[in-house]
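None of the values given here were measured: they were computed from a predicted structure. Quick note on labels: first sequence line is chain A, next is B, and so on, each numbered from 1.
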Amino acid sequence: MSAPIQATLPDGRVIELEPGATALDVARAIGPGLAKAAVAAVVDGETVELSRPLPSASDVRLLTDRDPEALAVLRHSAAHILATAVRQEIPGAGIGFGPAIDDGFYYDFEVPEPFTPEQLEAFEEGMAAVAAEDQPFERQVVTKAEAEELFADDSLKLERLAEFSDDEVISVYRNGPFLDLCRGPHVPTTASLKHFRLLNAAGAYWRGDEKRQMLQRIYGTAFFKKQDLDDHLHRLEEAKKRDHRVLGKHLDLFSIQEEVGPGLVLWHPHGGRIRHLVEDFLKKTLIEHGYELVFTPHVTNEELYRISGHLEVFQEGLWPVMEDEGDRFRMKPMNCPHHFMIYRSQTHSYRDLPLRYAELGTCYRYERSGTLHGMLRVRSFTQDDAHIFIREDQIEEEYNRLLDLEDYLLKVFGYEYRTALSTRPEKAIGDPAIYDAATERLGSVLRDRGLDFEVDEGGGAFYGPKVDILVTDALGREWQGGTFQLDFLMPERFGLHYVGADNQRHNVVVIHRTLLGSMERFIGGLVEHYGGAFPLWLAPEQVRILPVSEPSADEARSLVADLKAAGIRASLDDRDTLGYRIRAGETQKVPYLGIIGEREADTGAVAVRKRGAEEKQLVMDRSAFIERLQEEVRTRSLI
RNA sequence: GCCACCGUAGCUCAGUCGGUAGAGCACGUCAUUCGUAAUGACGGGGUCGUCGGUUCGAGUCCGACCGGUGGCUCCA
């Protein structure tokens, strides 16, 4: 008999067990409650199922339904259970991959006919039946040859198997009738799956390659607790209500019409008002931060994009050529070459740098039709763009300025955010060593600021590394915010120099940066972030005054005039009944409704209803009301 | 671009078995002058996405195209 094995718990306790003991035995040794609650374990940093025998000495942490890692295990098992159910309905269904993802799981199937909603319901019932059977998940390690035999009828699995080397550990998992090539781990039995929902089906290329066959993917989600599933489904409902396309129509902010063209946005007066307010605020802020505002044309000789390299790399994304007497023109896909040409129009001293050229530049990209999405993905958009020309020794300071500015802007709009650093992609051009050194310098800036950033390997632009800002909205969803891209390459291609203290020409370094992204995407995002209830400073209509009846109409009109004179966007609603108008004001999310009846008319007061406020109504002096509004606008209050 | 689904009044949607188009909201007119989330009556409004086919007859069945939605792919 060999020596006992030792398991070290997170609190440092060491538990001794018989050889061959499993993580489940560790749980049992701690207590029957834990043995029941445990769904998986982390052994020496690797997540494994409870039934896996432990090595002779290891660190063991047991996972219960409270651990996020356990949720991923459950969802992965849910994918297998889905495949089990699908195979019962459609025995010949080919199986692709079925991983856990952020909010749930999916499984890809190769079937002759796409799935119908009725089939999804049948699969859901099938999954419940599989769960009820309490089938254990059994892991088995096999050789490549054995695996090839087991999956002889599964061409997709065979293709995946072919990529394994002969000495790699290949594991398969079985539950009831279903066998899958799988790294694991899984929950102990199918009975762990209690609260789940299949959400939708969609096509997905095999291995994400558009040249390969299209599989049918089923998305679903699963939770340990019913409450969590309900909350998740409720969040999905909430997101639907906040959809900027729905609210954009309801609040009459913008439209996209077939007659105009796909991905081309018409800004209606109220949407346009919001955009003007954002742009005015942004431009004022940029000027305060040392930017120069420039303008450049929407159409340009494509030669500029040949020099920049975009013509080659993003050919597919450009609108077609307009010919003019042998010259070829394009709608501009980005603003950088223009800003470069402005820089190049004169000689610059090292003392002039940094130079910051900013433009709300309208660009045109021929996005593939299937990718268009409301205002968030369009074919014509206005970029909050700037190109900052610096010396190489100014990189750190300028990145710190950018991070400060972005922090300020995002707080004004009420966004949380996190930071990411993107490194060299395969399609990068230029010297890899320079690219990597620059990446390291950006990493240092982030570390020195104490930012907890993540690294997006290979996510950089073809000309340089970048720092990305990922904003989190009111529903906890992430959006692309700012991006600050470092570029040594294009300045060289465009011959951008400065004259140094040594009276020699030096290559300038460029930062391509956007703080808010495009106006379309940013404001579309704002609509969802605020759920259409814009803070006062951004609200297209800030105050609506409602006279109770005819005798108080004159008083109401004079208040509207006073509000307008004070710079407040106010209007009068003297249509139908008071109840009708209050309802209209609320559903149109007007921040303040001011009601004037004979009581208020006599005393120079106004009865104020603030959107969403606890106290339904506050009677106040009209001048106090105006001052309060002005203060709220001045501070850009988010409440 | 690819797979699936969808397209009926300004908006949200109903429309059975193929028989000639409907509701609510919005809008207009009239009445009502109202005190905190929908006053009532009446009225106007449609080439049923477009084109073609099947049929005595197409919103309905078939095909192509356009657009949208969910994904995949892409994202300077």
Given atom [atom1] of [X] and atom [atom2] of [N], what is their separation to the nearest angstrom?
X        : N      : atom1 : atom2 : value
A:Gln257 : B:rG49 : CD    : C1'   : 14 Å
A:Asp576 : B:rG28 : CG    : P     : 11 Å
A:His310 : B:rC75 : NE2   : C1'   : 12 Å
A:Lys249 : B:rA9  : NZ    : P     : 11 Å
A:Tyr580 : B:rA31 : OH    : C1'   : 16 Å
A:Glu258 : B:rU50 : CD    : C1'   : 8 Å
A:Leu247 : B:rU12 : CG    : P     : 13 Å
A:Glu367 : B:rG68 : CD    : C1'   : 17 Å

Taking the same atom, [atom1], in [N] and in [M], what whole-Å distance lies between them?
N      : M      : atom1 : value
B:rG28 : B:rG68 : P     : 31 Å
B:rC3  : B:rU8  : P     : 24 Å
B:rG70 : B:rC30 : P     : 44 Å
B:rG22 : B:rG46 : C1'   : 11 Å
B:rU16 : B:rA21 : P     : 14 Å
B:rC51 : B:rG67 : P     : 16 Å
B:rG10 : B:rC27 : P     : 15 Å
B:rC11 : B:rA26 : C1'   : 7 Å

Under a 3.5 Å cutoff, is there a donor and acceptor pairing between the side chains of [X] and [Y]?
X        : Y        : answer
A:Trp206 : A:Asp108 : no
A:Tyr417 : A:Glu406 : no
A:Glu359 : A:Thr296 : yes

Check every strand shown and say whether [X] touches a base, only sugar-phosphate, or nothing at a heavy-atom separation below 4.0 Å.
X        : result
A:Arg368 : base
A:Asp209 : nothing
A:Lys332 : nothing
A:Ala584 : nothing
A:Gly317 : base
A:Val313 : nothing
A:Arg581 : nothing
A:Pro262 : sugar-phosphate
A:Gly370 : base
A:Gln216 : sugar-phosphate
A:Gln588 : nothing
A:Tyr205 : base
A:Leu372 : sugar-phosphate
A:Gly597 : base

Report the nucleotide, chosen from [options], that has the shortest atom-to-atom distance to any side-chain atom of [X].
X        : options                : answer
A:Arg609 : B:rC3, B:rU36, B:rA76  : B:rU36
A:Lys466 : B:rG35, B:rA76, B:rG71 : B:rA76
A:Ser549 : B:rC34, B:rG35, B:rC2  : B:rC34
A:Met214 : B:rC72, B:rC74, B:rC2  : B:rC2

> Heavy atom of residues 106-116 of chain A under 4.0 Å from RNA chain B: which residues?
Replying inline: A:Pro114

> Quick one: does A:Arg575 reach the base of B:rC34 with a side-chain donor-acceptor pair under 3.5 Å?
Replying inline: no

> Do the side chain of A:Glu600 and the base of B:rG35 come within less than 3.5 angstrom through a donor-acceptor pair of N or O atoms?
Replying inline: yes

>> When you measure from the side chain of A:Asp576 to the backbone of A:Tyr580, do you find a donor-acceptor pair of N or O atoms at a distance under 3.5 Å?
In response: no

> Within the distance-only criterion (no hydrogens, no angle test), does the side chain of A:Thr371 pair as donor or acceptor with the backbone N or O of A:Glu367 below 3.5 angstrom?
Replying inline: no

>> Can you give me the dot-bracket string for RNA chain B, 5' to 3', counting Watson-Crick and G-U wobble pairs with both distances under 3.5 Å, using [ ] for crossing pairs and | for partners on another strand?
In response: (((((((..((((.....[..)))).(((((.......))))).....(((((..]....))))))))))))....

> In chain order, what residues pass the salt bridge (charged side-chain N to carboxylate O under 4.0 Å, His left out) check against A:Arg583, with sequence neighbours excluded?
Replying inline: none

Given [N], is OP1 or OP2 found less than 4.0 Å from the side-chain N or O atoms of [X]?
X        : N      : value
A:Arg583 : B:rU36 : no
A:Tyr366 : B:rA76 : no
A:Thr371 : B:rC74 : no
A:His373 : B:rG70 : yes
A:Lys427 : B:rC75 : yes

Tell me, do [X] and [Y] make a side-chain contact under 4.5 Å, heavy atoms counted?
X        : Y        : value
A:Val467 : A:Thr419 : yes
A:Ile511 : A:Gln485 : no
A:Val471 : A:Glu478 : no
A:Arg424 : A:Glu457 : no

> For A:Phe254 and A:His270, what are the C-alpha separation, side-chain angles and deciding distance, and is it a ring pair (Phe, Tyr, Trp, His ring centres under 6.0 Å)?
Replying inline: CA-CA 8 Å; A:Phe254 72 95; A:His270 279 193; over 10 Å; no

>> Could you check whether A:Arg87 pairs with A:Asp154 (Lys NZ or Arg NE/NH1/NH2 to Asp/Glu carboxylate O, under 4.0 Å)?
In response: yes

> Is A:Lys589 salt-bridged to A:Glu586, cutoff N-O under 4.0 Å?
Replying inline: no

>> With nearest nucleotide decided by heavy atoms, which residue, A:Arg245 or A:Arg207, maps closer to the 5′ end of RNA chain B?
In response: A:Arg245

>> Judged by each residue's nearest nucleotide on RNA chain B, which is more toward the 5′ side, A:Arg521 or A:Val548?
In response: A:Val548

>> So if I apply the ring-ring contact (aromatic ring centres under 6.0 Å, His included) rule between A:His387 and each of A:Tyr291, A:Tyr357, A:Phe340, which one comes out positive?
In response: A:Phe340

> Within the stacking criterion (centroid distance below 5.5 Å, interplanar angle below 30°), does A:Phe314 stack on B:rA76?
Replying inline: yes

